[in-house]
Number of protein chains: 2
Amino acid sequence: MEFDDKIPIYYQIKNYLYHQIVTGELDPGEKLPAVRQLAVDVTANVNTVQRALTEMINEQIIEPQRGKGNFVTIDVDKIKQLKDKLVKEQLTIAYQELHDLQLSDNEILEELRKFMKNRGVENE
Amino acid sequence: MEFDDKIPIYYQIKNYLYHQIVTGELDPGEKLPAVRQLAVDVTANVNTVQRALTEMINEQIIEPQRGKGNFVTIDVDKIKQLKDKLVKEQLTIAYQELHDLQLSDNEILEELRKFMKNRGVENE
DNA sequence: CCTAGTGTATTAGCTTACTAGTACACTATA
DNA sequence: TATAGTGTACTAGTAAGCTAATACACTAGG
């Protein structure tokens with residue numbers, strides 16, 4: 001897994017797992033890979049992974065069962081709330097940044113449409 | 001100035017100055033505040049500010065004149081390119097994040113419109 | 001020439017994040 | 001009961017970022 005060296009790894013792992021859960025690649029109640037396996041998967045240290053997991057446990061997104069593993073919460077509302085939170089956070093950041101660059105609401109929408117239209121063209 | 005403790009301060013200072021330049025709060029050719037003054041302004045250490053400036057000098061966004069100060073480039077094209085780059089970077093990040101959360105193009109646009117509409121309502 | 005205001009360089013110490021290694025507690029199963 | 005697989009805790013060491021303090025080089029102006 002590739003990391004942005006401007007952001008703590010444990011934070012990026014957390015975000016990675018958030019996505020797995022929100023998108024259903026990890027279902028409610030499903031067991032996560034073992035910490036040691038996760039560490040291999042994302043190419044990070046066990047302690048770093050554990051730090052990410054501990055925060056998610058505190059947030060009650062996952063539930064640990066000693067000796068068994070970590071499990072995604074079965075509270076689907078909680079997962080829905082998580083998704084909404086992530087979406088809103090991203091929109092807030094992007095809007096503020098673009099607005100600070102003096103783009104009007106319409107210009108932001110326009111640039112986004114343009115971006116979507118041209119997306120992929122540069123990947124060739 | 002408030003910093004996000006997940007991102008290096010020098011990086012956030014750089015971004016702050018980018019915005020000053022792109023939005024014209026700092027005109028082409030204009031002298032930046034002295035390093036020591038900037039450090040006070042953004043509540044950071046001189047060395048941290050200097051690190052941000054050094055990177056911007058390497059990018060030729062600002063030009064240093066020993067004993068005089070640092071000056072915004074007079075190359076307006078360069079500034080325009082900077083703005084385009086910042087806009088594009090932000091769009092890329094936001095789009096990818098939202099897309100990863102399984103929002104379609106239309107849903108992203110819809111959520112953004114909704115966000116713009118409700119913006120400010122929660123600030124009361 | 002002197003002084004104040006600039007950028008620039010260097011050193012030292014602190015904190016956080018990360019890694020590595022080890023150890024322990026619990027669970028399931030052969 | 002023994003063993004393998006799990007989460008969890010702890011210590012130690014390294015690297016990066018930030019701060020603080022000092023020093024030096026250059027410029028402008030009295």
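Both backbone and side-chain heavy atoms feed into the values below; hydrogens, waters and symmetry mates do not. Each chain gets a letter, A, B and so on, in the order its sequence line appears, and its residues count up from 1.
Residue B/Arg36 is in base contact, counting any heavy-atom pair closer than 4.0 Å across all strands shown.
You'll find that the side chain of B/Tyr10 is closest to D/dC18, out of D/dC18, D/dA20, D/dT6. The side chain of B/Pro64 approaches C/dT8 more closely than any other nucleotide in the set D/dG17, C/dT8, D/dT8. With C/dG7, D/dC10, D/dA20 as the candidates, the nucleotide lying closest to the side chain of A/Asn47 is D/dC10. Among the nucleotides D/dT6, D/dT8, C/dA17, the one closest to the side chain of A/Arg51 is C/dA17.
Not one side-chain nitrogen or oxygen of A/Asn70 sits closer than 4.0 Å to the OP1 or OP2 atom of D/dT6. Between D/dT19 and B/Thr48, a contact under 4.0 Å exists linking OP1 or OP2 to a side-chain N or O. For the pair A/Lys68 and C/dA28, the criterion of a side-chain N or O lying under 4.0 Å from OP1 or OP2 is met.
Between A/Asp84 and A/Lys88 no salt bridge is recorded (no basic side-chain N to carboxylate O distance below 4.0 Å). Between A/Lys85 and A/Glu59, no side-chain nitrogen of the basic residue sits less than 4.0 Å from a carboxylate oxygen of the acidic one, so the salt-bridge criterion is not met. Between A/Asp105 and B/Arg113 there is no salt bridge, since none of the side-chain N atoms of the basic residue sits less than 4.0 Å from a carboxylate O of the acidic one.
For B/Gly67 and A/Thr54, each mapped to the nucleotide of DNA chain D holding its nearest heavy atom, the one lying further toward the 5' end belongs to A/Thr54.
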